[in-house]
Amino acid sequence: MKDDITREERVAGLKGMGCSRKRVEDARFTQGKGNYVDDIKLPGMLHGDFVRSPYAHARIKSINIDAAMALPGVVAVLTAKDLEPLGLHWMPTLAGDKQMVLADGKVLFQGQEVAFVVASDRYVAADAVELVEVDYEELEVLVDPFKSLQSDVVLREDLVAEDGSIPNGAHGPRKHPNHIFTWEVGEEEATNQVIDNAEVVATEEMYYHRTHPCPLETCGSVASMDKVNGKLTLWGTFQAPHVVRTVASILSGIEEHNIRVVSPDIGGGFGNKVGVYPGYVCSIVASIVTGVPVKWVEDRMENLMSTAFARDYWMKGKISATKEGKITGLHCHVTADHGAFDACADPTKFPAGFMNICTGSYDIPVAYLGVDGVYTNKAPGGVSYRCSFRVTEAVYFIERMIEVLAIELNMDPAKLRSINFIKKEQFPYTAALGWEYDSGDYQTAWDKALAAVDYTGLRAEQAQRVEDFKAGKTRKVMGIGLSFFTEIVGAGPVKNCDILGMGMFDSCEIRIHPTGSAVARLGTISQGQGHATTFAQILATEIGLPADSITIEEGDTDTAPYGLGTYGSRSTPVAGAATAMAGRKIRAKAQMIAAYLLEVHDDDVEFDVDRFVVKGAPERFKTMKDIAYAAYHQAIPGLEPGLEAVSYYDPPNMTYPFGAYVCVMDIDVDTGVPEIRRFYALDDCGTRINPMVIEGQIHGGLTEALAVALGQEIAYDDMGNVKTGTLMDFFLPTAWEVPNYETDFTVTPSPHHPIGAKGVGESPHVGGVPCFSNAVQDAFRPFGNRHTNMPHDHWRIWQTANSLGMHG
Amino acid sequence: MIPAAFEYYRPKDMAGVIALLQEHGDDARVVAGGHSLIPMMKLRMAEVPHLIDLQGIDGLGGITIKDGAVRIGAMTTQHEIITSQALADAAPIMKEAALQIADPQVRYMGTVGGNVANGDPGNDMPGLMQCLDAQFHLTGPDGDRAVAARDFYEAAYMTERADDEVLTAVTFATPVGGHAYEKQKRKIGDYATAAAAVQISKAGGKVATASIAMTNLSDTPIWSQAAGAALLGTDCGEAANKAAVAAMLDDIDPTEDNRGPVAFKRHAAGIVLGRAIARAWSRA
Ligand SMILES: Cc1cc2nc3c(=O)[nH]c(=O)nc-3n(C[C@H](O)[C@H](O)[C@H](O)COP(=O)(O)OP(=O)(O)OC[C@H]3O[C@@H](n4cnc5c(N)ncnc54)[C@H](O)[C@@H]3O)c2cc1C
């Protein structure tokens, strides 16, 4: 057989790994043809809506539903009393705690779910919510975790024994009724010894404020209980549909084969859609009770007030070094405000997530991390907003500590980083707090970044600006924000990563069709990441069929193989690996078929782009298309018909993407308005599957980093009222506020991942937050600033300038 | 975010509007662009059992510039203000201010009438109208009357307009000299942290007239007569600028909110006014 196209053309035709294939999802998203939860409309469907607590802490004396029930169109009003016989008035959280589904005797945060109204349409439901009369007795509110740990006010009476003693929690002993856990990693005594005897020590306290992932689409679900066949179907905004099915089965007692969970298109998750919310449970119960489908979709204010927040970490650091700047030890203590219920979405053994990656990209011989979780009268959550578990907090912490140490040493912070990087030849590197970094080449990336922005030139310009400011020639100061981050993503090895006992492997199942196209199903679920585009590219390269001929499906537990879902940048590291491995199984069988068809021994054929060729005789080949047809329609001795494969991948290790970011900012000290002049982002995510999709992820993650660093917060007043419950006050940047990003890369493939990919969705957020923050802080460093807390909105920047005496 | 049920009316003439307002009293409200009222209804902070749409009334739109006077119909949108070349020539401060209101989507809907009638201290047009010494034209059961913008605002959401009156137009003399609308905000689509409207005319190198109004720094817009007076007859240099700012600071009374504490707002107010005066003077 002759081939009239070149090998290069064959490679290009596959649109496999490394090419900027256009996103196949975009056709429907850009035409308004996505299918989200709220687009699901079923015959006879009812609508649910919550009565929510206006108070942050109150006892419920009575609930009167009569007026609401009397409203035409109202079918039911559920309260904790109705759920109690089913054992569903409380539910387990992902963190081993439990949470009220509907207020059981008291409320613990503003916006807490008190009653669930079910009505013929959402307008009637909203009217009925107003008619439910709840009699509250206000209780003392605790919004400060430090005060909470001192207070006599017990938030969680359910967690104190009758004799007043405090039983252990899911993560061991508790010190106070409002204390959740203490988690310690590393060697405290050895660390203290090093720090106490060090030549130079820098200490700092920093608050990483509470914020919220705020996806464009809020959370919601549609539950449909078919009483005839006993099957429950649940559509919802789930980042982990299989986990939801298992949890739903355990909670409801419905056998798992009778539950089908579907995540349709999801309009952004960023961690907000990992947890299980009372709305999901209530829609299920309401459907079981009424026998018809019930929809619950929260509005924006409900989303911001009640579904999972992120961060809220009070971090205290000590870092020691030699006079020359070699870091010798690191001590970190965190007081973690978890709100009213511990609903953090972390692997079970990690109550503070992977906060113990806080030694960062640096070779630090000894370190200690202690975290105390605390209950307060705030919404539960603690999800990883566009980051792997608490990695943003960890990286912010170390990147601030480095800057503060640089001040202490009177040293350039870029140089201080260089002195302390883990060196290329040290990988795989075991950090003081336990993680084994798989690979990295930090110095090369750093040098490339500093050269790209002309770092020396920038510092000279900044020095001139300081003089000009002091001479009264300008009212703008200039900041150079640096960050070098190492992420830990791809959770994770089942030996140490599980959620509620469910191992964090992932999966891919491939079915090749006779004419050479395919469908692949995964245990993950895209929320905008473009899996249908990029996973097809992995397969195209692995099995030699064009990406355009491969359909990727996710999110339907009746069809997709079991997996733990999409968050923590785990899809490519885990499900992407499963995809490659399943592809290789396909290829292995294809090789036998090819050899049979070409009448040679199996070992005498080799894979070449889209075919198997006879070694040394490339004109003798069978394309994968030929092989697919033969697999089904030709009797091949010793082989079963068909061409399918499945792989469940338990990763041997996490992956460790890294990057070097630089931000140049000009700040008007009088208005506090920052202007981002330049933002350079170099990312190393290992093998690059689709550069365009990577770039999109970087832009999005940086924009969310900008938001968090410069203004985005969930703020409470002393009474526990949410002050930032609408998008008027909760900062979501628009195109106007966003600078032009310059992206760059190096490639250090992961040595243990089948295709060397590391994950990228969250890197820009993790690295971006400290970079923006460091730029603000650096602008004021020449005037005496050491550290100021985020968010750096106008008034807080102004206050920094004011406290440094810059307003005359 | 679901409003309570309401009756919707779309009368064809003003008499129909007034009749409905009289019939339902407190329970009725007119809606223009709806971009202030509808969000309040969705939050159930405004309960409006009877909603009267003004879109069907002829003669409430349009911009007329004649004999040194500007008339802007109540239903004129902020977008129309931005795109009217005649208005940009006659009163360029209108365009400069409108471009700093909300975002293009909101500006396609939001109207001048709604913006000035609303009484929200965050709205930009009321201060602007006070700066321009505009008249607000009202129609009610007892006929027509005009109220000066500077007399219109009593407190947040409380104005001189009676419940059964409709604002039909704003008018003002074509401004002379240089102008500036300076606004500090947290992001696009945000109301002002502090905003200043300034109109200054020059004669013989000195300030001949000056009018200054501030937005979102009290529970009403603040026309600071003293600030304008501080500029009169000066060369509008640094000292005069400072004096005007100091006078303005005596007139405002900001409160703490998510935009910042009082000290910051006062500082920002001084900065935006200082800049606005300098820019207006440079154009005078
Ligand atoms: C996201 C967003 C951002 C915004 N940012 C800004 C901003 O930065 N600056 C700013 O100034 N505005 C801002 N606005 C408000 C916007 O400009 C509004 O459209 C405007 O204030 C009101 O105009 P409207 O036509 O929408 O009024 P409506 O919402 O229809 O009405 C507002 C009020 O005025 C009354 N009313 C309306 N017309 C008349 C009339 N002819 N006679 C008597 N009463 C009347 C109504 O009964 C109602 O009480 C913003 C709005 C949004 C949604």
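Order of the sequence lines fixes the chain letters, A, B, ..., with proteins taken first and strands second; residue numbering starts at 1 for each chain.
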Give each N or O donor-acceptor pair spanning chain B and chain A at a distance under 3.5 Å, with atom names and distance to 0.1 Å, or state none.
residue : atom : partner : partner atom : Å
B:M1    : N    : A:D299  : OD2          : 3.1
B:R44   : NH1  : A:D127  : OD1          : 3.1
B:R44   : NH1  : A:E130  : OE1          : 3.4
B:R44   : NH2  : A:D127  : OD1          : 2.7
B:Q184  : NE2  : A:T671  : O            : 2.9
B:Q184  : NE2  : A:H794  : ND1          : 3.2
B:R186  : NH1  : A:D729  : OD1          : 3.1
B:R186  : NH2  : A:M728  : O            : 3.1
B:R186  : NH2  : A:D729  : OD1          : 3.0
B:K187  : NZ   : A:L732  : O            : 2.5
B:I188  : N    : A:E737  : OE2          : 2.6
B:N258  : ND2  : A:K723  : O            : 2.8
B:N258  : ND2  : A:D729  : OD2          : 3.4
B:H267  : NE2  : A:D670  : OD1          : 3.4
B:R275  : NH1  : A:D668  : OD2          : 3.0
B:R275  : NH2  : A:D668  : OD2          : 2.7

- Please state whether the side chain, the backbone, both or neither of B:A194 comes within less than 4.5 Å of a heavy atom of chain A. neither
- Query: Does any heavy atom of chain B fall under 4.5 Å from the side chain of A:L732, the backbone, both, or neither of them?
  - Reply: both
- Task: Under 4.5 Å heavy-atom distance to chain B, tell me which part of A:M301 shows up: side chain, backbone, both or neither.
- Result: side chain
- Note on the structure: Applying a strict 4.5 Å limit to non-hydrogen atoms, the region of B:I188 in contact with chain A is both
